[in-house]
Protein chains: 2
Amino acid sequence: MNEKTGKLKMTPQRIAIMDYLDGNTSHPSADDIFKAVSGRFPTMSFATVYNTLDALKSRGRVLELTIDPERKRYDPNTVSHHHLICVTCKKVVDIHKDYDIQVEKALTSDFEIIGKHIEFYGLCPVCQ
Amino acid sequence: MNEKTGKLKMTPQRIAIMDYLDGNTSHPSADDIFKAVSGRFPTMSFATVYNTLDALKSRGRVLELTIDPERKRYDPNTVSHHHLICVTCKKVVDIHKDYDIQVEKALTSDFEIIGKHIEFYGLCPVCQ
DNA sequence: GTACGTGCAAAGGTTTTGCATTACA
DNA sequence: TGTAATGCAAAACCTTTGCACGTAC
């Protein structure tokens, strides 16, 4: 992980990637992002996609999600929220709601809890 | 995914893998399992580890976890539970408690919710 | 005996890296 | 101008697969 937190050097490629991510709720993978921007930048490389994602991650502007066992997915929405995943088609929707869950001390193994993320599993309207 | 659900053919390799997993709360990766059993079976291969994990998964005897973005991890504890992950050293401990979370209809995008898994993030005693 | 598991090696998919070139600030 | 990003190719990882051989049942 790139630990830089200073100013982002803006390049046309980065602008294209950030434009694609801005407001995007599809939780794209690096490959999705690559496909989306390589139309406009035929020379776009994965190195640039991952480099930009690292830069955004280390600045807290993108979250790396673990909701898909096959590949990493990225979420430009950094407001704390949860995800509801269709177990059949893998569609993912956001759940914007804070659930206050207090874990009793006896269960924490002396960890200090600083956050949480809930994965809900279900069937989307199409797959039901 | 192997869809078989019948009887498991027991081989010495499978017994060794299942022995290693039984009661194991370290959430091992395929590589961890391979390392653990290849001492006793020098000819052990990843094909056998993954083959056995598929067989166990399809029979509901092991869960594939997505708590680690770098690799799949496996959990022989199939009782519904949650995980508390140290953001620094990545240690994972189980949280055995059922939290009843009702998602309001307006937020479900018409999904039918059938399960959930909570990832708690925190700092373990060592990393605090 | 036969269907299925094993083990090796090769391949597939995702992510990372080295390095020369380019370009933002 | 100097530092950092780009782009290409190769490599590193994790996981899957093909196939000949072996073994549990």
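Below, chains carry the letters A, B, ... as their sequence lines are ordered, and counting in each starts from 1. Since this is a predicted model, take the numbers as computed values, not measurements.
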(message) Tell me the interatomic distance from B:Leu53, atom CG, to C:dG5, atom C1', rounded to whole angstroms.
(response) 14 Å
(request) To the nearest Å, give me how far apart CG (B:Asp31) and C1' (D:dT16) are. (result) 15 Å
(message) Checking the side chain of B:Gln128 only, and the main-chain atoms of A:Asp110 only, is there a donor and an acceptor separated by less than 3.5 Å?
(response) yes
(request) Measure from CZ on B:Phe34 to C1' on D:dT15 and round the result to the nearest Å. (result) 13 Å
(request) Round to the nearest Å and state the distance from A:Asp32 atom CG to C:dT14 atom C1'. (result) 12 Å
(request) Can you see which heavy atom on A:Ser29 is nearest to which on A:Arg71, and at what distance? (result) CB-CD, 3.5 Å
(message) Quick check: closest heavy atoms across A:Lys72 and B:Pro69, and the distance to 0.1 Å?
(response) CE-O, 3.6 Å
(message) Can you list, in residue-number order, the parts of residues 65-73 of chain B that come under 4.0 Å of DNA chain D, counting heavy atoms only?
(response) B:Glu70, B:Arg71, B:Lys72
(request) Give the rounded distance in Å between these two atoms: OH of A:Tyr50 and P of D:dA5. (result) 18 Å
(request) Find the distance B:Lys9:NZ to C:dT6:C1' and express it as a whole number of Å. (result) 11 Å
(request) Return the value, rounded to whole Å, for the distance between atom CG of B:Asp54 and atom C1' of C:dG5. (result) 13 Å
(message) Between P on D:dT23 and CD1 on B:Ile15, what's the gap in Å once rounded to a whole number?
(response) 14 Å
(message) Testing the 3.5 Å rule here: is there a donor-acceptor pair between the side chains of B:Asn24 and B:Ser26?
(response) yes
(request) Quick one: sort the B:Phe120 and B:His82 rings into parallel, tilted or perpendicular, breaks at 30° and 60°. (result) perpendicular
(request) Give a yes or no on whether the backbone of A:Pro76 and the side-chain of A:Arg61 come within a donor-acceptor separation of less than 3.5 Å. (result) no
(message) Taking B:Lys97 first and then A:Glu104, would you say they form a salt bridge - that is, a charged N and a carboxylate O separated by under 4.0 Å?
(response) yes
(request) Please answer whether the main-chain N or O of A:Val79 pairs with a side-chain N or O of A:Asn77 as donor and acceptor at a distance below 3.5 Å. (result) yes
(message) Would you say B:His117 and B:His81 are linked by a side-chain donor-acceptor pair, where the criterion is simply a distance under 3.5 Å?
(response) no
(message) Please encode protein proximity along nucleotides 6-12 of chain D as a string of B, S and -, counting only heavy-atom distances under 4.0 Å.
(response) BBB----
